[in-house]
Amino acid sequence: MNFVWVFIGGGIGSMLRYAISLGYVNTFSQKWAALAATLTSNIMACILLAVVWNLQQGAGLSKAGMLLLATGICGGFSTFSTFSLETFYYWKNGDWMYAVANVVISIVLGLAAIALITRAYPTSEG
């Protein structure tokens with residue numbers, strides 16, 4: 001049954017990721033739409049994962065809940081492989097400043113999002 005929870009959550013997360021991509025196609029230029037969608041989905045996944053983690057530490061979620069929300073939805077929603085590929089192509093095409101900025105911005109915003117959620121929902125461990 002654990003695989004089913006991950007499967008369901010992963011499908012939900014992947015659909016959310018795709019929806020963000022579709023939304024940004026009309027908002028940004030083609031060059032920036034993919035990058036903005038990747039950054040947005042990764043930061044939103046960080047926020048969701050921090051909320052889920054804090055809920056687990058506080059009230060306690062079932063194993064099924066953690067598998068659905070953390071492993072499934074967050075796993076399907078975030079996209080490290082796309083982030084890495086986009087960064088690689090910036091670097092490969094000589095846009096090393098964009099590559100470095102992508103890495104720094106993504107990591108700093110991801111950590112900041114988790115830190116803010118952790119402060120908003122302190123647990124005995126946080």
Side-chain angles (χ1 to χ4, degrees):
M1 191 63 190
N2 291 340
F3 282 99
V4 173
W5 292 118
V6 173
F7 174 77
I8 292 169
I12 293 168
S14 295
M15 289 188 307
L16 290 170
R17 170 68 174 94
Y18 182 62
I20 287 175
S21 295
L22 290 178
Y24 281 172
V25 168
N26 296 324
T27 306
F28 293 97
S29 69
Q30 185 176 1
K31 178 179 180 178
W32 296 108
L35 188 66
T38 301
L39 179 63
T40 300
S41 64
N42 285 343
I43 300 309
M44 290 176 71
C46 286
I47 292 168
L48 178 59
L49 187 58
V51 168
V52 170
W53 180 259
N54 281 297
L55 286 173
Q56 172 61 24
Q57 300 303 306
L61 289 175
S62 66
K63 183 175 183 177
M66 284 297 290
L67 290 171
L68 175 77
L69 297 170
T71 306
I73 292 177
C74 288
F77 192 35
S78 62
T79 176
F80 183 75
S81 57
T82 304
F83 159 75
S84 298
L85 182 68
E86 290 167 353
T87 303
F88 172 78
Y89 274 106
Y90 278 131
W91 193 272
K92 181 181 175 188
N93 293 329
D95 293 330
W96 60 270
M97 285 180 42
Y98 289 119
V100 170
N102 190 36
V103 170
V104 170
I105 290 168
S106 294
I107 292 172
V108 167
L109 288 179
L111 290 172
I114 290 172
L116 288 172
I117 295 299
T118 301
R119 286 180 193 232
Y121 300 100
T123 65
S124 59
E125 291 184 15

[atom1] of [X] to [atom2] of [Y]: how many Å apart, nearest 0.5 Å?
{"X": "Thr27", "Y": "Leu22", "atom1": "OG1", "atom2": "CG", "value": "11.0 Å"}
{"X": "Trp5", "Y": "Asn2", "atom1": "CH2", "atom2": "CG", "value": "10.0 Å"}
{"X": "Phe77", "Y": "Ile47", "atom1": "CZ", "atom2": "CD1", "value": "9.0 Å"}
{"X": "Ile12", "Y": "Phe7", "atom1": "CD1", "atom2": "CZ", "value": "10.5 Å"}
{"X": "Leu55", "Y": "Met66", "atom1": "CG", "atom2": "CE", "value": "9.5 Å"}

Please tabulate, one pair per line, all N/O donor-acceptor pairs under 3.5 Å involving side-chain atoms of residues 91-117, not counting sequence neighbours.
from   : atom 1 : to     : atom 2 : distance (Å)
Asn93  : ND2    : Tyr89  : O      : 3.1
Asn102 : ND2    : Thr87  : OG1    : 2.7
Ser106 : OG     : Asn102 : O      : 2.8

For Tyr18, does the OH atom sit with more than 12 other heavy atoms under 6.0 Å from it, leaving out its own atoms? no
In terms of hydrophobic clustering (I, L, V, M, F, W, Y; side-chain heavy atoms under 4.5 Å; direct or indirect links), are [X] and [Y] co-clustered?
{"X": "Phe28", "Y": "Tyr90", "answer": "yes"}
{"X": "Leu49", "Y": "Leu67", "answer": "no"}
{"X": "Met1", "Y": "Ile73", "answer": "yes"}

For Phe80, the ring pair (Phe, Tyr, Trp, His ring centres under 6.0 Å) test, sequence neighbours excluded, returns Phe83
Without placing hydrogens or testing angles, list every side-chain donor-acceptor pair under 3.5 Å for residues 32-43, not counting sequence neighbours.
from  : atom 1 : to    : atom 2 : distance (Å)
Thr38 : OG1    : Arg17 : NH2    : 3.0
Thr38 : OG1    : Ala34 : O      : 2.9
Thr38 : OG1    : Glu86 : OE1    : 3.2
Thr38 : OG1    : Glu86 : OE2    : 2.9
Thr40 : OG1    : Tyr24 : OH     : 2.8
Thr40 : OG1    : Ala36 : O      : 2.8
Ser41 : OG     : Arg17 : NE     : 3.3
Ser41 : OG     : Ala37 : O      : 3.1
Ser41 : OG     : Thr38 : O      : 3.1
Asn42 : OD1    : Thr79 : N      : 2.6
Asn42 : ND2    : Thr38 : O      : 3.4

query: Is there a side-chain contact (heavy atoms from CB on, under 4.5 Å) between Leu16 and Met44 once you walk through the steps?
result: CA-CA 10 Å; Leu16 290 170; Met44 290 176 71; over 6 Å; no
